[in-house]
Undergrad: 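Attaching a single structure in structure tokens format; questions to follow.
Residue numbers start at 1 and run along the sequence shown.
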Amino acid sequence: MTDEPLIRDISDTARWVAVYRARETERPDAIFKDPFARTLAGERGEQIAAGLPFFSENAWSMIARTYVFDRFVARLAKAGVDLIVNLAAGLDARPYRMDLPASLRWVEIDLPDILDYKARVLADEKPRCAVERIPLDLSNADARRGVFERLGRSATHAAVLAEGLLIYLMAGEVGSLGWDLARQPSFRHWIVDIASPGLMKMLKERAGEHMMDAGAPFLFAPPEGPPFFSVYGWTPVEVKSILKTAGKLGRLPLMLRMVSLLPESNGRQGDRPWSGVVLLQRR
């Protein structure tokens, strides 16, 4: 017996989500391959996944999210993006597992402990492109602005990723982050995932206590949906529903397959449990 919380801190969520990537990779019909996910998740990741069976039953949402981010990254890399900035990169191994141009620069920003852990695990692996890791607490606004300015000056066409990050921020913090990114002319695209208020309520019911124990409560679920970002310098140009994507990929249980065929809007979702990945373009 132990009094240690199931999720100790925000970095544990990276180990947790890596489990679902590992399980997908091990399927004979895998949608993507992440050969590093099992090792990166470790025993700790499996313990968390075992303690939250609701999320294992609905792992299709994490799989679909990974798939959509992969597709956007591949498209932007092909279109000539020369820098990708991955905020709260966690245990993402895209520079090692995706077919990316060698000329691409990939910068990972996250807390020191999780970046050090990933660097140790992947020490003998060779990335497909140049990788730089920057230890930084993104809540330190002055420090992040300095990093963004340096990176912005070093690129012509950059894209920013924020996968699994914004849900842990307050709306004002998301807006401030958006403005800081938009100040850099070379930061032309930003890819984010967001949840509806209805889904937020469900997530809090299923894991809210664990996230509170970890000091990382679920916070951000903009009622207006993707248009939230429009007042912070970013225009939503493409929205991919997680449910509909999972349906097309054949990852939904029968009941949800039927639901995924219903029409959706890309705006307000209200009490409907909805999540999506949004490709934003700097105005």
Undergrad: Does the pair Ser186 and Arg153 meet the rule for a side-chain hydrogen bond (donor to acceptor under 3.5 Å, both in side chains), with working shown?
TA: CA-CA 8 Å; Ser186 63; Arg153 290 193 302 269; over 6 Å; no
Undergrad: So, the side chain of Glu173 versus the backbone of Met170: is there a donor-acceptor pair under 3.5 Å, distance only?
TA: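 Yes, Glu173 side chain to Met170 backbone: donor-acceptor pair under 3.5 Å.
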Undergrad: With side chains defined as the heavy atoms from C-beta onward, is the minimum distance between Glu205 and Lys201 less than 4.5 Å?
TA: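 SC-SC contact between Glu205 and Lys201 confirmed.
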Undergrad: Taking the side chain from Arg282 and the backbone from Ala182, do they hold a donor-acceptor pair closer than 3.5 Å?
TA: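 The answer is yes, because a donor-acceptor pair under 3.5 Å joins these two groups.
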Undergrad: Are the side chain of Gln269 and the backbone of Pro223 linked by a donor-acceptor contact shorter than 3.5 Å?
TA: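 No, the answer is negative, given that no donor and acceptor are paired below the 3.5 Å cut-off.
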Undergrad: Got Leu52 and Ile7 here, is their nearest side-chain heavy-atom distance under 4.5 Å?
TA: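 Leu52 reaches Ile7 side chain to side chain.
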Undergrad: Mind listing the closest non-hydrogen atom pair of Ala49 and Arg23 along with its distance?
TA: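 Closest heavy-atom pair between Ala49 and Arg23: CB-NH2, 3.9 Å.
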Undergrad: Can Phe55 be reached from Ile10 by stepping across I, L, V, M, F, W or Y side chains whose heavy atoms are under 4.5 Å apart?
TA: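 Shared cluster, yes.
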Undergrad: Please round to the nearest 0.5 Å and tell me the distance separating atom CG of Asn58 and atom CD1 of Ile63.
TA: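 Answer for the CG-CD1 pair, Asn58 versus Ile63, is 12.0 Å.
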Undergrad: When you look at Glu26 and Arg38, which way does the salt bridge (Lys or Arg N to Asp or Glu O under 4.0 Å) test go after all the steps?
TA: CA-CA 9 Å; Glu26 291 157 4; Arg38 177 64 63 190; 2.8 Å; yes
Undergrad: Are Arg133 and Glu108 within salt-bridge range, i.e. N to O under 4.0 Å?
TA: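 Between Glu108 and Arg133 there is a salt bridge, with a charged N closer than 4.0 Å to a carboxylate O.
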Undergrad: Keeping Ser275 on the side-chain end and Ile194 on the backbone end, is there a donor-acceptor pair under 3.5 Å?
TA: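 It does not hold such a pair.
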Undergrad: Tell me, yes or no, whether the heavy-atom count around Glu224 atom CD, taken from other residues, nucleotides or ligands under 6.0 Å, exceeds 12.
TA: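 Result for CD/Glu224: enclosed.
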Undergrad: Tell me the closest heavy-atom pair linking Leu279 and His189, and the distance in Å.
TA: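 Taking Leu279 first and His189 second, the nearest heavy atoms are CD1-CD2, 4.0 Å.
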Undergrad: When you group the ILVMFWY residues by side-chain heavy-atom contacts below 4.5 Å and let the links chain together, are Leu122 and Val107 in the same group?
TA: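 No; tracing contacts between hydrophobic side chains, which count when under 4.5 Å, never links both residues.
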Undergrad: With a 3.5 Å distance limit and no angle check, can you tell me whether Asp193 reaches the backbone of Gly164 through a side-chain donor-acceptor pair?
TA: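 The answer is yes, because a donor-acceptor pair under 3.5 Å joins these two groups.
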Undergrad: Would you say the side-chain atoms of Thr39 pair up with the backbone N or O of Phe36, donor to acceptor, closer than 3.5 Å?
TA: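 No, the answer is negative, given that no donor and acceptor are paired below the 3.5 Å cut-off.
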Undergrad: Working to the nearest 0.5 angstrom, can you tell me the gap between Leu138 CG and Leu169 CG?
TA: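 Between atom CG of Leu138 and atom CG of Leu169 there are 8.5 Å.
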Undergrad: Do Lys244 side-chain atoms and Ser260 backbone N/O form a donor-acceptor pair below 3.5 Å?
TA: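 Yes, the answer is positive, given that a donor and an acceptor are paired below the 3.5 Å cut-off.
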Undergrad: Which is it for Glu238 and Lys240 under the salt bridge (Lys or Arg N to Asp or Glu O under 4.0 Å) test, yes or no, and what are the steps along the way?
TA: CA-CA 7 Å; Glu238 195 167 344; Lys240 294 292 186 182; 3.5 Å; yes
Undergrad: Counting heavy atoms not belonging to Lys33, are there more than 12 under 6.0 Å from its NZ?
TA: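 Count over threshold, so yes.
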Undergrad: Return yes if some donor-acceptor pair links the side-chain N/O of Asp271 with the main-chain N/O of Gly198 below 3.5 Å, else return no.
TA: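 A pair under 3.5 Å: no.
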Undergrad: Shortest non-hydrogen contact from Ala162 to Leu165?
TA: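 Smallest heavy-atom distance, with atoms named: CB-CD2, 4.1 Å.
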Undergrad: What I'd like to find out is whether the side chain of Pro95 reaches to under 4.5 Å of the side chain of Arg128, using heavy atoms alone.
TA: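 Side chain of Pro95 against side chain of Arg128, heavy atoms only: no contact under 4.5 Å found.
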Undergrad: If we only count heavy atoms from C-beta on, is the Val192 to Val174 side-chain gap below 4.5 Å?
TA: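 No; the side chains remain at least 4.5 Å from each other.
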Undergrad: Taking the side chain as everything from C-beta on, heavy atoms only, tell me whether Leu177 gets closer than 4.5 Å to Leu166.
TA: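 Of all side-chain heavy-atom pairs linking Leu166 with Leu177, at least one is under 4.5 Å.
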Undergrad: With a distance cut-off below 6.0 Å to the six-membered ring centre and an angular limit of 45° from the axis, does Arg97 pair with Phe32 as a cation-pi contact?
TA: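 Here Arg97 passes the 6.0 Å and 45° test against Phe32.
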Undergrad: Applying the ring-ring contact (aromatic ring centres under 6.0 Å, His included) test to Trp234, which of Phe228, Phe229, Trp190 qualifies?
TA: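 Among the candidates, only Trp190 passes.
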Undergrad: Between Arg283 and Val231, which heavy-atom pair has the shortest distance, and what is it?
TA: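 Reported closest heavy-atom pair: NH1-N, 4.4 Å.
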Undergrad: Looking at Phe148, I'd like to know if the NZ or CZ of Arg144 sits under 6.0 Å from its six-membered ring centre while staying within 45 degrees of the ring's axis.
TA: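 Not satisfied by the 6.0 Å and 45° rule.
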Undergrad: Could you please spell out the steps behind the side-chain contact (heavy atoms from CB on, under 4.5 Å) verdict for Ile191 and Val277?
TA: CA-CA 7 Å; Ile191 309 170; Val277 177; 3.7 Å; yes
Undergrad: Counting C-beta onward and ignoring hydrogens, is there a side-chain heavy-atom pair between Leu161 and Val73 closer than 4.5 Å?
TA: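 They are in side-chain contact.
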Undergrad: For side-chain contact (heavy atoms from CB on, under 4.5 Å), just list the numbers for Ile31 and Glu24, CA-CA rounded to whole Å, side-chain angles, deciding distance to a tenth of an Å, and then say yes or no.
TA: CA-CA 7 Å; Ile31 293 162; Glu24 176 65 26; 3.5 Å; yes
Undergrad: Under 3.5 Å, side chain of Asp9 to main-chain N/O of Asp12, donor-acceptor pair present?
TA: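 Yes.
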Undergrad: Is it the case that one hydrophobic cluster holds both Leu87 and Val131, taking links as side-chain heavy atoms less than 4.5 Å apart, direct or via other members?
TA: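 No, no single cluster joins them.
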Undergrad: What distance separates Lys248 NZ from Leu261 CG, expressed to the nearest 0.5 Å?
TA: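 Going from the NZ atom of Lys248 to the CG atom of Leu261 covers 10.0 Å.
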Undergrad: Are a donor atom and an acceptor atom from the side chains of Trp274 and Glu264 found within less than 3.5 Å of each other?
TA: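 Side chains of Trp274 and Glu264: pair found under 3.5 Å.
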Undergrad: Measure from the side-chain N and O atoms of Lys118 to the backbone N and O of Gly90, and report whether any donor-acceptor pair falls under 3.5 Å.
TA: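 Such a contact is found between Lys118 side chain and Gly90 backbone.
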Undergrad: Can you name the closest pair of heavy atoms from Ala89 and Asp110 and give their distance?
TA: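 Where Ala89 meets Asp110 most closely, the heavy atoms are N-OD2, 3.3 Å.
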Undergrad: Same cluster for Ile109 and Phe187 if Ile/Leu/Val/Met/Phe/Trp/Tyr side chains link at under 4.5 Å?
TA: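 Looking at the clustering, Phe187 is in the same group as Ile109.
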Undergrad: Evaluate Tyr232 against Leu181 for side-chain contact (heavy atoms from CB on, under 4.5 Å), listing each step before the verdict.
TA: CA-CA 9 Å; Tyr232 298 104; Leu181 293 170; over 6 Å; no
Undergrad: Inspect the contact between Glu4 and Arg44 and indicate whether a charged nitrogen and a carboxylate oxygen are less than 4.0 angstrom apart.
TA: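 Yes.
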Undergrad: Kindly give the heavy-atom pair with the smallest separation between Thr25 and Arg21, and that separation in Å.
TA: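 Minimum heavy-atom contact is OG1-O, 2.8 Å.
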Undergrad: Is there side-chain contact between Val85 and Trp106, with heavy atoms separated by less than 4.5 Å?
TA: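 Contact flag for Val85/Trp106 side chains = no.
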Undergrad: Using a strict cut-off of less than 4.0 Å between a Lys/Arg side-chain nitrogen and an Asp/Glu carboxylate oxygen, indicate whether Asp82 and Arg105 qualify as a salt bridge.
TA: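 Not counted as a salt bridge, because no side-chain N and carboxylate O are separated by less than 4.0 Å.
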Undergrad: How many angstroms lie between CG in Leu219 and CD1 in Ile167, if you round to the nearest 0.5 Å?
TA: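 Atom-to-atom, Leu219:CG and Ile167:CD1 are 8.5 Å apart.
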Undergrad: Check for me, please, whether Phe218 and Phe220 land in the same ILVMFWY cluster - side-chain distances under 4.5 Å, paths through other members count.
TA: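 Looking at the clustering, Phe220 is in a separate group from Phe218.
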Undergrad: Under 4.5 Å between any side-chain heavy atoms of Ile242 and Trp60, yes or no?
TA: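 A side-chain contact under 4.5 Å exists here.
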Undergrad: Does CG belonging to Asp99 count more than 12 external heavy atoms closer than 6.0 Å?
TA: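 No, not enclosed.
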Undergrad: Is it true that Arg251 and Thr245 share a donor-acceptor pair across their side chains at a distance under 3.5 Å?
TA: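 Side-chain D/A pair, Thr245 to Arg251: absent.
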Undergrad: Taking the six-membered ring of Tyr117, is NZ or CZ of Arg15 closer than 6.0 Å to its centre and within 45° of its axis?
TA: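 Verdict for Tyr117: a cation-pi partner in Arg15.
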Undergrad: Working to the nearest 0.5 Å, report the span between CD1 of Ile48 and OG of Ser56.
TA: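 Output value for this atom pair is 11.0 Å.
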Undergrad: How many angstroms lie between CG in Asn86 and CZ in Phe69, if you round to the nearest 0.5 Å?
TA: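 CZ of Phe69 is found 8.5 Å from CG of Asn86.
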Undergrad: side-chain contact (heavy atoms from CB on, under 4.5 Å), that's the test. Do Arg94 and Thr66 meet it? Break it down for me.
TA: CA-CA 10 Å; Arg94 286 188 177 94; Thr66 299; 3.9 Å; yes
